[in-house]
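We're numbering straight along the sequence, starting at 1.
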Amino acid sequence: MAELHIVREHTLGLAKARKVAFKWAEQAEQDFAMQCSYTEGRQGDEVDFVRSGVSGQLQVTKDRFELRAELGFLLGAFKGTIESEIVKNLDALLAPATAPQKPGVKKSV
């Protein structure tokens with residue numbers, strides 16, 4: 001079995017990290033047909049996910065996301081592709097939102 005271990009540090013705090021994790025779980029369900037269960041805790045949350053050939057957990061704290069997953073034999077051959085897709089999606093969700101500026105309006109410093 002192939003294993004994935006992805007860690008991302010952040011400065012969102014638990015409330016905002018929780019929203020990001022919930023959005024990640026929704027995307028995993030829609031895009032990858034995962035079955036996700038979300039459990040909130042005082043110090044952090046857990047998202048358990050599973051589908052044929054994959055099972056894992058995303059742990060969420062006020063300053064860290066840690067994903068561990070096991071890929072079955074068939075999906076193990078695609079570990080690199082799967083890992084890069086998860087990293088891309090998680091990094092996009094963690095990227096700071098930038099407000100679009102109106103043309104001709106400068107942001108004051």
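The other residues sharing a hydrophobic cluster with Phe73 are Leu74, where clustering joins ILVMFWY side chains under 4.5 Å apart.
With sequence neighbours left out, the side-chain hydrogen bond (donor to acceptor under 3.5 Å, both in side chains) criterion links Arg8 to Asp91. Glu85 pairs by the side chain to side chain contact (heavy atoms under 4.5 Å, CB included) definition with Phe32, Lys88, Asn89, not counting sequence neighbours. In terms of the side-chain hydrogen bond (donor to acceptor under 3.5 Å, both in side chains) criterion, Glu40 has no residue partners (sequence neighbours excluded). Evaluation of the salt bridge (Lys or Arg N to Asp or Glu O under 4.0 Å) rule for Arg68 yields Glu66 as partners, not counting sequence neighbours. Shown here are the side chain to side chain contact (heavy atoms under 4.5 Å, CB included) partners of Ala2, two or more places apart in sequence or in another chain: Leu71, Lys79. Legend: residues meeting ring pair (Phe, Tyr, Trp, His ring centres under 6.0 Å) with Phe78, ordered by chain and number and at least two apart, are absent. For Gln43, there are no side chain to side chain contact (heavy atoms under 4.5 Å, CB included) partners two or more places apart in sequence or in a different chain. Remark: Asp63 engages no residue in a salt bridge (Lys or Arg N to Asp or Glu O under 4.0 Å) (not counting sequence neighbours). Gln35 meets the side-chain hydrogen bond (donor to acceptor under 3.5 Å, both in side chains) test with no other residue; sequence neighbours excluded.
Listed here is the closest heavy atom pair of Leu4 and Ile86: CD1-CD1, 3.8 Å. Here the shortest heavy-atom pairing between Arg51 and Met34 reads CG-SD, 3.5 Å. Nearest heavy-atom pair across Ser84 and Thr81 is OG-O, 3.0 Å. Listed here is the closest heavy atom pair of Leu75 and Ser52: CD1-O, 3.9 Å. Considering every non-hydrogen atom in both Leu14 and Val60, the closest pair reads CD1-O, 4.2 Å.
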Table please: side-chain donor-acceptor pairs of residues 17-25 below 3.5 Å, with sequence neighbours left out.
{"residue": "Arg18", "atom": "NE", "partner": "Asp45", "partner atom": "OD1", "Å": "3.4"}
{"residue": "Arg18", "atom": "NE", "partner": "Asp45", "partner atom": "OD2", "Å": "2.5"}
{"residue": "Arg18", "atom": "NH2", "partner": "Gly41", "partner atom": "O", "Å": "3.1"}
{"residue": "Arg18", "atom": "NH2", "partner": "Asp45", "partner atom": "OD1", "Å": "2.8"}

Show your reasoning for whether side chain to side chain contact (heavy atoms under 4.5 Å, CB included) applies to Val7 and Leu67.
CA-CA 6 Å; Val7 176; Leu67 182 138; over 6 Å; no
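In the hydrophobic clustering of this structure, Ile82 groups with Phe49; members are Ile, Leu, Val, Met, Phe, Trp, Tyr whose side-chain heavy atoms approach within less than 4.5 Å, directly or through other members. Taken together through direct or relayed side-chain contacts under 4.5 Å among Ile, Leu, Val, Met, Phe, Trp and Tyr, Val47 and Val50 form parts of separate hydrophobic clusters.
Residue Glu83 holds its CD atom at 11.5 Å from CD of Glu3, rounded to the nearest 0.5 Å. The distance from the OG1 atom of Thr11 to the NZ atom of Lys16 is 8.5 Å, given to the nearest 0.5 Å. Distance check, rounded to the nearest 0.5 Å: CG of Leu58 to CD1 of Ile6 gives 9.5 Å. Put simply, OG1 on Thr61 and CD on Glu9 are 7.5 Å apart, with the number rounded to the nearest 0.5 Å.
Gln57 and Gln59 share a donor-acceptor pair across their side chains, judged by distance under 3.5 Å alone.
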